[in-house]
Structure formats: structure tokens, C-alpha cells
Number of protein chains: 2
Amino acid sequence: MGNCLIAQSGGPTAVINGSLAGVIRANQLNKKFDKVLGGIHGIEGVLQNKLFDLTNISADEVNLLRQTPSSALGTCRYKLKRDQAEDFETLNKVLQENNVDVMFYVGGNDSMDTVDALSEWAAKHGSNTRFVGIPKTVDNDLVPPDHCPGFPSAAKFANLVTRATAFDYDAYTRPEVFVLETMGRDAGWLAASCCMSGVVDLLVLPEIAFDKQAFLNEVQKHMDEKNSCYIVISEGARDAEGNYVAAGESANDGFAHAVLGGAGLALKQMIVDAGVAPRGVVQDLSRAARSSNFAMSKVDYDEAYELGLSAHMHACDESFTAKVVGVKRGENANGEYAAEIFTDDASKFANFVKAFPTDWAKANYAGITSEAEDYFAPLIKGEPKLEWGDDGLLKMVKPFNLR
Amino acid sequence: MGNCLIAQSGGPTAVINGSLAGVIRANQLNKKFDKVLGGIHGIEGVLQNKLFDLTNISADEVNLLRQTPSSALGTCRYKLKRDQAEDFETLNKVLQENNVDVMFYVGGNDSMDTVDALSEWAAKHGSNTRFVGIPKTVDNDLVPPDHCPGFPSAAKFANLVTRATAFDYDAYTRPEVFVLETMGRDAGWLAASCCMSGVVDLLVLPEIAFDKQAFLNEVQKHMDEKNSCYIVISEGARDAEGNYVAAGESANDGFAHAVLGGAGLALKQMIVDAGVAPRGVVQDLSRAARSSNFAMSKVDYDEAYELGLSAHMHACDESFTAKVVGVKRGENANGEYAAEIFTDDASKFANFVKAFPTDWAKANYAGITSEAEDYFAPLIKGEPKLEWGDDGLLKMVKPFNLR
């Protein structure tokens with residue numbers, strides 16, 4: 001029997017280690033591979049033969065891995081390009097030397113492209129190594145899955161903070177805007193999800209060209225009505241010319257601010273400069289949204305782990321390569337949401353970005369439609385039972401890349 | 001029998017409604033007062049006779065109030081000044097009209113000064129109304145209590161985010177600094193508490209004059225050693241001349257940035273401009289730290305409620321006025337942390353600010369001493385059992401100021 005290898009790539013999430021735990025545990029339940037090797041810092045570390053033996057970590061550690069955020073193997077931003085033959089040869093050599101039959105790669109669409117490219121190279125060069133992708137992304141921008149591990153937990157955390165900060169904001173009487181910023185450079189899924197909190201007045205998405213005057217008019221209406229306006233903006237919001245709100249230059253007026261922060265700060269300043277509100281508060285969720293393991297969605301916690309289990313199970317089939325496992329939206333016998341695991345070609349995940357549907361956004365920045373609510377609702381449900389330490393913080397494993 | 005009145009003031013916290021719930025529940029257990037009236041928006045609403053009858057809210061609502069963040073009665077920034085006779089007369093009229101025997105005021109040191117001033121005025125003018133303070137503050141800057149409700153939950157949330165984001169940050173290899181900013185304009189308690197996460201490299205407090213070059217030298221050492229440096233800064237950090245780091249002007253050099261954000265963004269920019277690190281990530285906890293009810297400390301959750309109960313119990317003594325209830329650090333029979341409730345004169349709480357002890361900070365921004373760790377450790381322990389809704393979010397009550 002040969003070994004398998006698993007590595008993580010791209011931006012970490014709260015549950016990406018759940019998929020890692022799933023692959024490790026599946027191999028403990030059905031020892032298809034002699035060893036489960038972890039590639040440190042994604043493809044970058046694999047190229048340098050930086051591997052860590054994960055085969056026999058304890059059941060306790062598997063369990064704690066599921067509640068450890070970030071990428072326990074370390075991550076990378078390195079993209080394998082199809083024309084860099086040297087990288088493919090080096091990688092093949094490392095995989096051969098380590099007797100790797102299957103490499104699992106956990107990541108976003110770039111990583112799924114890597115799975116496809118490596119499979120293609122292997123077929124062309126007579127290598128038997130197989131490649132399997134496990135998707136994750138806080139941005140939720142992958143096709144064809146219904147959604148990807150990492151996003152539901154980020155959405156749950158974002159909604160919890162949105163509702164809590166809205167209550168904080170509503171306790172005051174003075175006129176003021178509140179601006180919450182989320183990650184999402186090209187896809188507004190996370191920002192849009194915040195509307196599930198029921199407290200968002202206005203929503204600014206990258207998918208809908210930002211019209212400064214139209215937007216300020218809407219803010220003015222809320223200020224006139226109730227002296228407050230709770231706004232959520234995605235970091236990548238931009239106008240019709242592609243100018244980012246975060247760049248801080250209000251098109252067609254004399255203001256040009258040297259904004260060191262992001263879209264939230266710039267939007268607040270734009271509103272204040274326009275005299276629509278005398279002041280504002282900004283809450284940038286930043287990295288906390290994708291890493292906050294103490295607010296994971298149970299659906300996400302379960303699905304990330306089960307995708308790892310399923311990837312290993314499918315990989316037992318020796319013709320399974322250039323494939324990715326993913327989640328489709330299904331129903332259980334009671335008509336409730338249930339994840340259906342499917343597999344498809346890596347090439348179908350590789351080169352597309354799934355934008356938030358513009359017809360799921362209400363006109364005039366007024367939030368999301370009931371279709372969008374129906375989509376988000378099941379994803380943020382449930383709270384996994386987590387293990388807390390005597391120090392009052394969540395127990396975690398020490399990341400493998402730091403051992 | 002007369003009535004009692006309770007109002008909330010200053011910045012909200014995750015548990016300030018716990019003290020409100022405590023007063024309401026105590027009166028349901030021992031009906032000393034005919035009615036428990038809530039003053040909407042603190043003293044500001046009381047002056048306008050904006051009251052809400054809380055006497056008979058359900059046990060369910062009392063329980064949900066304990067997990068509802070912010071100030072459910074609304075808050076204010078209005079400070080009653082001793083020379084504004086008109087305010088005292090108006091307030092006295094409202095209290096007389098509503099047959100108020102005791103007014104409870106939940107707030108920080110300004111509010112405790114209000115309790116003192118109102119008691120003094122009542123004594124001078126032959127009024128029998130009594131005034132009792134219940135402390136709260138996310139800044140933890142009140143004397144004489146060991147700590148105040150609101151702070152422990154903020155510290156727990158801050159530590160959870162610190163540890164989660166540090167793991168996220170550690171997953172990468174590229175050289176970069178990470179800067180986390182907390183609230184705390186004059187007191188560095190919340191920033192200092194983040195060191196309980198065990199991942200903080202450098203800590204910048206308002207209590208210790210910021211020395212740019214000395215600080216940059218320390219950052220450089222961490223970058224040289226491991227290509228990373230996790231920094232926590234309190235919003236009010238400043239240099240020996242009193243210039244705030246947040247102002248963004250690096251003393252004694254040519255840089256002067258128009259920083260719209262706070263201390264974190266300015267510090268990151270300072271480090272990048274100095275060439276100590278090529279880039280950085282900023283996480284500003286902002287309002288989330290004081291409002292995140294989904295990460296409350298059990299100690300805080302319990303103490304806030306019990307201070308409310310205790311305030312009501314003490315107020316049954318008809319000589320009890322111009323007093324505040326607070327928490328002292330005690331020990332149970334097993335030698336473990338236990339809160340001891342004490343009472344003292346409001347005047348002792350009113351005009352002092354408790355800074356983080358500078359001898360609890362290690363030299364060279366290197367974090368906190370074991371004395372500080374011993375102080376923080378029990379405060380962030382334990383997780384209350386919370387009620388979650390079917391929507392995947394925490395159940396809350398609708399704030400009284402919005403009904």
C-alpha cells in the first residue's frame with residue numbers, strides 16, 4: 001500500500017481543519033493508506049519535501065483539530081502554473097519518493113485548478129499519482145457546489161456581531177451611522193448574509209455598481225426617519241468605473257482622502273463629508289470573521305469534516321482522480337435542509353467565480369430578497385459542542401507547521 | 001409602598017442588562033417596591049419622564065435579558081452637573097410624581113458621581129428618595145472594585161479573537177505584522193488582557209509612554225527571528241508628549257498620514273513606513289468587544305446579575321443611599337476565586353480612574369507579568385449556558401427603548 005498526502009491552500013477558515021481531520025480519521029477507520037502525510041504550507045512546502053506524519057494522531061487530537069481555526073498545516077498563496085514544467089517535475093519526484101498514491105488538496109478555485117493541472121500532468125507523464133480536491137472558501141464563490149466549508153461559520157459570526165453591535169448602536173440617541181465591513185473582494189456573499197440578523201438598513205455589494213448619490217439619498221432617508229442607519233459593506237464594493245469605495249476618493253467631487261483603512265472607513269467618511277450624518281462608527285470584521293472558531297455553524301462544522309471523510313472514501317476507488325467533492329443542497333425525510341455530497345471534475349471548479357446573484361439584492365441597497373434568506377437560513381443553524389479549557393478559552397491543537 | 005427606578009448610562013456592555021435583570025428579579029422574589037420602573041436613555045429620559053414598567057416581565061424575559069447585549073433601556077452620555085439646579089429639581093419632580101423611593105443607576109464613574117450628587121441634593125432638600133449605584137465598564141477603570149461587570153466578557157471575547165486571528169496569521173510564511181486594536185482610551189486593561197491568549201509578542205498601553213524608536217526596535221527583533229510579530233495596542237496609546245498613536249503622525253520624522261482609522265492602522269503604517277515589515281494586517285475589535293454576548297464569561301454573566309440582586313437587597317434597608325455595590329476578590333472554601341459583594345460610598349467610586357499598573361507590564365512592550373495573569377485568569381473563565389434560536393442566532397429581548 002502507498003501513502004496519501006493532504007495539504008491546505010489559500011485563506012484559512014474556521015473549519016478548514018475539519019476536512020483535514022476527516023481525511024485523517026477516515027484512514028484510521030479504513031486504513032487504505034499506510035500513512036497520511038501533511039504537506040506543510042501547501043504546495044510550496046510539498047515542493048520542498050516538508051511533510052508531517054499525521055497517520056496516528058490521537059482521537060482527541062482529531063477532535064480538537066475540528067475546533068482549531070486557520071490552516072493547521074500552514075497555507076500558501078503559491079499558484080502552480082501549467083507552463084512551469086520544473087515545478088511539476090519536482091512535485092512528482094517528491095510524491096514518488098514518499099510513495100504517495102493520492103494527494104488531497106484543500107482550497108479555493110485556484111487550488112482546484114492545481115488539482116486539475118496535476119492530474120493532467122500525471123496522465124501525460126505516466127504517473128499513477130491521483131489528485132482529489134476538497135473545497136473551502138470564506139468567500140463562497142465556488143461553482144458548482146451550493147456553498148463551501150468556511151463560509152457558513154463566517155456568516156454565523158458576522159450575523160452575531162451584526163446583531164450585537166446593532167443593539168449597542170441602538171442604545172444611543174445621537175445621530176450617527178454605523179458601518180460594518182466584511183471580507184469579499186469580488187463576491188458579496190458574506191456581506192449579504194449579514195442581513196439575516198434582521199437589523200441591516202443598507203447593503204453595499206461588489207456585484208452592484210456603487211452609485212454615490214443614490215446611496216447617500218438612501219442613508220438620508222434613514223437618518224430623517226430615525227436618526228440612524230446600519231450599513232453593511234463588502235470590502236470590494238466599487239462604482240460603475242471600477243473605482244473601489246475603499247480607495248476613498250469620492251467620484252465627481254473635491255474630496256480625496258488618504259484612507260489607510262478599508263471600505264467601511266471610506267464609506268463613513270463619505271457620509272460625514274456629504275453632511276448626511278455628523279458622525280459614524282466603523283466595525284471591520286477583518287480576519288475575525290473567517291477564524292472565529294467560537295462561533296462556528298454546526299452545519300459547517302459537520303460538512304467540513306464529512307467532506308474530508310467522503311474524499312478519502314472516494315479516493316479508495318483507484319480510478320478517482322482530477323475530481324473534487326462538494327456539497328449540494330438536499331432535503332431529509334422531514335423536508336428539512338440536508339447536505340448531499342457529490343463529486344465532479346476539478347476542471348468544473350477551477351476557473352469560475354460565483355457572484356452573489358444581483359436579483360437576490362433588493363433595489364436601492366435595501367438588503368436581500370426572501371430567496372436569499374431561504375438560501376442562507378439553514379447554513380448558519382446550530383452550534384457544535386466545543387471543548388473549552390480551564391483557561392476560559394477554546395482548546396486547540398498546536399499547528400503542525402509550528403511543531 | 002413606593003416604586004423603584006433603574007436606568008443605564010454610558011457605554012453599553014455584553015452584561016449590563018444582567019444587572020437590570022437582577023434588580024427586576026429581586027423585586028419579583030421580594031416585592032419591596034410596587035413597581036420597578038425603567039428610565040429610558042438614562043438620566044436624559046428620566047428628566048423627560050420617559051419610563052417603562054418592568055415590574056412583571058416574565059421569567060423567560062428576565063432570562064433572555066441576561067443574554068441581550070447593549071443597554072436594553074437605552075443609554076446616554078448626559079452628565080448631571082452639580083451646579084445645574086434646574087436638572088435636579090426636574091429630576092426630583094419626576095421621581096416624586098412616580099413615587100420613586102429608590103433609584104438604581106448602572107454606569108461608570110460619571111454615573112457613580114451622579115448617584116453621589118443626587119443623594120447629596122436629596123439630603124439638602126429634604127427628599128426621601130435614595131440613590132444606589134451599580135457599576136459597569138468595559139474599561140475596568142473603576143476604584144474601589146476589583147473589577148467591573150462588562151470587562152470580563154470583553155476580555156474573554158478579545159482573547160478568543162486574539163488567539164483565533166494569531167493562528168490565522170501564523171498559517172502564512174510571508175513577512176508581515178499583525179496589529180490588533182482594542183478599546184481603552186485611558187486604561188489599558190482590555191489590551192493587556194489579550195496577553196492571556198499566549199500569542200501576543202508586543203503590547204502597547206496608554207499607561208506607558210510610547211517610544212517609537214524603542215518600539216520599532218522590538219518589532220524588528222521579532223521580524224528578524226521569525227518573520228512575524230503579533231501586536232496588541234489600546235486605542236489610547238500615546239507618547240510622552242501626549243500625542244496619540246492614532247493621530248498617525250510619527251514624531252520626529254517627515255511622515256504625516258491622514259489616518260481616518262485608529263491606533264492599529266496608524267501603528268501598522270508606522271511599521272511599514274519605517275521599513276521594519278513590508279506589510280501588515282489590522283484587526284480593530286471596536287464595538288464587537290463590548291457587545292458580543294455570544295462569548296460572555298460565566299463569571300461576568302453571574303456577577304452582573306448578582307450585583308443587581310444585591311443592590312435591590314441592600315436597598316431594602318431604608319438608610320441605604322449614596323452607596324454603590326461592587327465586587328471584591330475573595331476565595332471559596334477550595335481556595336478558588338469567588339466574588340465577594342461589598343458596598344461603599346458612591347463618592348469613592350466617583351472621581352478616580354484605575355489605570356493598568358505599570359509594574360504589571362513587562363519592559364520593552366513584552367506583555368504582562370504573572371501578577372497580571374493571576375488577576376485576569378479567573379475573570380475570563382467559564383461559559384454560561386445560552387439560549388439559541390432556530391435561526392442560528394442568540395435569542396434576545398427587544399430593547400425597551402425601542403418598544
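Remember, predicted model here, so these are calculated numbers, not experimental data. In what follows, every chain begins at residue 1, and chains take the letters A, B, ... in the order their sequences are listed.
- Residue contact with chain B, scored on non-hydrogen atoms closer than 4.5 Å, involves the side chain of A/Phe178 exclusively.
- Residues B/Asp201 and B/Lys226 are paired through a salt bridge, judged by an N-O separation under 4.0 Å between the basic side chain and the carboxylate.
- Each of B/Leu285, B/Val161, B/Leu393, B/Asn159 has some count of heavy-atom pairs under 4.5 Å with chain A, and the biggest count is that of B/Leu393.
- Shown here is A/Asp390, whose CG atom has no more than 12 heavy atoms of other residues, nucleotides or ligands within 6.0 Å.
- For B/Val282, the part sitting under 4.5 Å from any heavy atom of chain A is the backbone (N, CA, C, O) and nothing else.
- At a 4.5 Å heavy-atom cutoff, B/Leu379 makes no contact with chain A through either its backbone or its side chain.
- Interface residue B/Leu160: backbone and side-chain heavy atoms are both found under 4.5 Å from chain A.
- Residues meeting the side-chain contact (heavy atoms from CB on, under 4.5 Å) test with B/Glu44, sequence neighbours left out: A/Thr173, B/Gln48, B/Cys76, B/Tyr78.
- Between chain A and the options B/Pro399, B/Ala72, B/Gly389, heavy-atom pairs under 4.5 Å are most frequent for B/Pro399.
- By a heavy-atom distance cut of under 4.5 Å, A/Gly10, A/Gly11, A/Pro12 are the residues of residues 8-19 of chain A near chain B, going up by number.
- A distance-only check finds a donor-acceptor pair linking the side chain of A/Asp300 to the backbone of A/Gly150 [under 3.5 Å].
- Judged by distance alone, the side chain of A/Lys156 and the main-chain N or O of A/Gly382 form a donor-acceptor pair under 3.5 Å.
- For B/Ser297, no part lies near chain A; criterion is any non-hydrogen pair under 4.5 Å.
- When side chains are defined from C-beta on, B/Phe400 counts as touching B/Leu65, because their heavy atoms get closer than 4.5 Å.
- Heavy atoms closer than 4.5 Å to chain B are found nowhere in A/Leu73, neither backbone nor side chain.
- More than 12 heavy atoms of other shown residues, nucleotides or ligands fall within 6.0 angstrom of atom NZ in B/Lys79.
- Listed options A/Gly42, A/Pro69, A/Ala164 were ranked by heavy-atom pairs under 4.5 angstrom with chain B; first place goes to A/Ala164.
- Scanning both residues, A/Met183 and A/Arg287, for their nearest heavy atoms gives CE-CD, 4.0 Å.
- Cation-pi geometry between B/Arg163 and A/Phe294 is not met: the NZ or CZ atom fails to fall both under 6.0 Å from the ring centre and inside 45° of the normal.
- Under the 3.5 Å distance criterion, the side-chain polar atoms of A/His41 are left unmatched by any main-chain donor or acceptor of A/Val46.
- Listed by first and then second residue, the side-chain hydrogen bond (donor to acceptor under 3.5 Å, both in side chains) pairs that reach into residues 393-403 of chain B are B/Glu61-B/Arg403, sequence neighbours excluded.
- Side chain of A/Thr165 to main chain of A/Thr162: a donor-acceptor pair is present (N/O by atom type, distance under 3.5 Å, no hydrogens or angles).
- Both the backbone and the side chain of A/Ile380 come within less than 4.5 Å of a heavy atom in chain B.
- Taking A/Ala166, A/Gly74, A/Ser291, A/Gly264 one by one and counting their heavy-atom pairs under 4.5 Å with chain B, the maximum is reached by A/Ser291.
- Of the atoms belonging to A/Met196, it is backbone heavy atoms, and not side-chain ones, that fall under 4.5 Å from chain B.
- Residue pairs meeting the salt bridge (Lys or Arg N to Asp or Glu O under 4.0 Å) criterion with at least one member in residues 66-75 of chain B, sequence neighbours excluded: B/Arg66-B/Asp302.
- For a residue to count as touching a neighbouring chain, one of its non-hydrogen atoms must lie under 4.5 Å from one of that chain's; by this rule A/Val281 touches chain B with the side chain only.
- Put simply, of B/Val299, B/Asp284, B/Asp170, B/Asn293, the one with the most heavy-atom pairs under 4.5 Å next to chain A is B/Asp170.
- For the options A/Asp391, A/Thr75, A/Thr68, heavy-atom pairs under 4.5 Å to chain B are most numerous at A/Thr75.
- Under the 3.5 Å distance criterion, the side-chain polar atoms of B/Glu387 are left unmatched by any main-chain donor or acceptor of B/Leu64.
- Among the candidates B/Phe376, B/Phe157, B/Tyr169, the residue making the largest number of heavy-atom pairs closer than 4.5 Å to chain A is B/Phe157.
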